[in-house]
Amino acid sequence: MSATASAIFLTLNLAAVTTLILFALGTPLAWWLATTRSRWRPVIEAITALPLVLPPTVIGFYLLILLNPTAPIGQFWVRLTGDTLTFSFSGLVVASLLYSLPFMVQPLQTAFERIGRDQIEAAASLGAAPFDLFVSLVLPLSVRGFLTAGILTFIHTIGEFGVVLMVGGNIPGRTRTLSIALYDHVEALRYDEAHALAAGLVGLSLLVLSLVYWLNRRRSRHEG
Amino acid sequence: MRDKGLHFDLTRQIDGFRLEASAGLPETGIVSISGPSGAGKTSLLRALCGLDRHFSGRVSFGETVWHDRTCRQPIHTRRIGIAFQDTRLFPHHDVAGNLAYAAKRVPAGSAGPEQDEILDLLDLRPLLDQSVNTLSGGERQRVSLGRALMSSPDLLVLDEPLSALDTARRNRLLPGLRALLGRLALPTLHVSHSASEVAQLADHVLPLAGGRTGPLLALKDWLDQPGRDERFSLLAGRLVTQDEATGLSGVDVAGRTLILPGLDGIAVGSALRLIIRASDVAIALKPVTGLSIRNQIPVRILRLKPQPGTAYCDIDFAWTEQALTARITRSAADSLGLAEGQTVIALIKSASLDPDRD
């Protein structure tokens with residue numbers, strides 16, 4: 001496999017794994033944020049949004065400290081799997097989960113909040129237990145939110161650079177993602193290859209975002 | 001000992017407003033909560049249903065405690081069918097899907113209304129395939145009521161259930177709804193601004209004013225509350241004829257037919273409650289000819305009740321099983337020489353379904 005192909009495969013793999021895990025983690029978190037009356041809500045909301053405002057290198061730096069094999073978490077992972085979290089694919093997944101969290105949680109939270117208490121009260125009064133209610137009412141009414149959240153998370157994970165560089169380094173086939181490969185090409189003045197990668201990323205992003213907006217328009221006209 | 005039915009004694013503080021409500025509602029029958037807007041009707045309903053849990057006190061239904069200091073029974077296990085004023089239909093289902101959502105979640109073996117019965121009563125068949133977004137306000141309310149009934153509830157809660165329906169359709173629907181609820185013996189809590197809806201539906205009325213409940217009243221006593229300057233009679237009848245040419249309807253009351261305007265659109269055979277103002281009833285000693293008043297009914301005088309401080313005298317009649325009250329002046333009563341036990345002719349000028357009709 002060529003270096004470029006391996007970087008593309010690694011990146012898509014990372015984005016897919018991150019998106020799937022974030023669906024599982026982000027959905028309950030977004031649901032809690034959308035429905036809770038806890039006074040902790042603003043704090044949790046702020047923590048969730050933190051990756052949006054912090055420089056990726058800050059997140060990467062702290063992750064490096066937390067995940068390295070001499071720290072408790074890193075040590076635990078080594079004992080569990082025999083591999084380190086830093087400079088490994090697993091470490092990249094952990095970092096991406098944190099870094100892309102707001103892109104999953106915020107669209108979902110917005111979608112859940114749009115449903116409103118009224119419909120939920122109605123479904124509950126008709127005998128829908130919480131899980132039933134979520135599957136039969138909340139999921140179908142927030143399909144658009146799930147689509148948007150999934151696509152944004154996926155594409156955002158593809159494009160991350162700083163965190164990956166800090167936590168994963170630049171190991172071909174293991175942690176060298178598209179944006180790192182691009183950086184490599186530029187450093188080495190291989191502009192042709194850099195162009196191919198950069199244009200590819202621009203095209204892909206444009207395509208995916210157009211898809212998101214097209215879906216949103218179509219669904220809102222359909223629902224309107 | 002507590003009997004079945006809904007019992008509550010609760011206090012709810014909402015900013016500057018304090019709700020203090022207590023009552024024990026009968027095991028079956030329809031109770032209307034009546035009061036001016038801002039009296040706390042919706043707050044009370046929400047607390048009773050468990051949609052609002054931030055209050056102190058106790059709510060129980062039959063043997064089951066729904067809310068007290070330690071217990072909060074979740075709403076999905078309470079089996080309350082709620083017809084919301086704002087309908088709250090599910091936008092991702094069509095009308096049939098909304099009804100099915102309720103029907104699917106009925107525990108096996110629970111008794112409830114037949115689906116066909118609900119569809120016919122609320123005239124929902126023509127709507128079944130429609131998206132809920134295309135429905136009018138009145139249609140949405142009918143679907144919402146149908147969905148609540150479809151859940152085979154143990155308690156039905158109607159929050160302004162027919163406020164978006166026009167008078168004709170509401171008058172058409174109320175007798176059938178009342179009959180259905182009676183047949184199911186389904187205890188029902190009802191809130192409406194419309195005095196006519198209360199009069200046509202309720203068995204009892206729970207007055208609520210300024211956040212405080214009053215004593216539970218029989219409908220007749222509610223109509224005769226001291227707050228009203230009018231006295232009313234409540235007659236149970238059945239609509240027997242509809243004449244579209246004249247706009248007059250015949251209502252059978254205890255074997256006598258009253259000819260009345262303003263009841264068009266109601267199906268022949270519907271049970272009605274006629275509300276008659278005491279001041280709309282006059283008295284003659286024998287049948288009168290050459291008079292515009294068409295309804296002349298022989299009745300027996302039960303009681304003469306001169307009203308102290310006024311020029312009036314109220315007269316209670318027995319008309320077979322039913323009670324009718326007339327209000328005439330004291331001097332008229334004297335000059336006619338009326339006596340208790342005497343049989344006279346009651347001249348009924350008008351009757352309506354609505355105590356608030358101007």
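The analysis underlying the following values was restricted to heavy atoms, covering all of them including side chains, and did not include hydrogens, waters or symmetry mates. Per chain, numbering begins at 1; letters A, B, ... match sequence-line order.
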Compare every heavy atom of [Y] with every heavy atom of [X], then report the nearest pair and how far apart it is.
X: A128(A); Y: H76(B); answer: O-CB, 3.3 Å
X: L137(A); Y: Y101(B); answer: CB-OH, 4.3 Å
X: L126(A); Y: R105(B); answer: O-CB, 3.5 Å

- Task: Measure I80(B) against the heavy atoms of chain A and call it side chain, backbone, both or neither at under 4.5 Å.
- Result: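 Backbone of I80(B) only, per the 4.5 Å heavy-atom cut-off to chain A.
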- Let me know if F84(B) has heavy atoms under 4.5 Å from chain A in its side chain, its backbone, both or neither.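 The answer is the side chain of F84(B).
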- Query: Which answer fits I115(A), side chain, backbone, both or neither, if we ask what part of it has an atom under 4.5 Å from a heavy atom of chain B?
  - Reply: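 I115(A) has no heavy atom closer than 4.5 Å to chain B.
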Got a sec: does the [atom1] of [X] have more than 12 other heavy atoms crowding it under 6.0 Å?
X: F89(A); atom1: CZ; value: yes
X: F146(A); atom1: CZ; value: yes
X: Y62(A); atom1: OH; value: no

- Less than 4.5 Å apart, any side-chain heavy atom of Q119(A) and any of P91(B)?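 Q119(A) reaches P91(B) side chain to side chain.
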- Message: The criterion is side chain to side chain donor-acceptor pair (under 3.5 Å); which residues satisfy it with S100(A), sequence neighbours excluded?
- Response: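 By the side chain to side chain donor-acceptor pair (under 3.5 Å) rule, S100(A) matches H156(A), T157(A).
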- Item | Nearest-0.5 Å distance, CG of residue D118(A) to CG of residue L51(B) |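 The CG atom of D118(A) sits 9.5 Å away from the CG atom of L51(B).
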- Value rounded to 0.5 Å, distance of OG in S136(A) from NE2 in H92(B):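 Separation between the atoms: 6.0 Å.
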- Count the heavy-atom pairs under 4.5 Å between each of R79(B), K104(B), M150(B), R88(B) and chain A, then report the option with the highest count.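 Option with the greatest count: R88(B).
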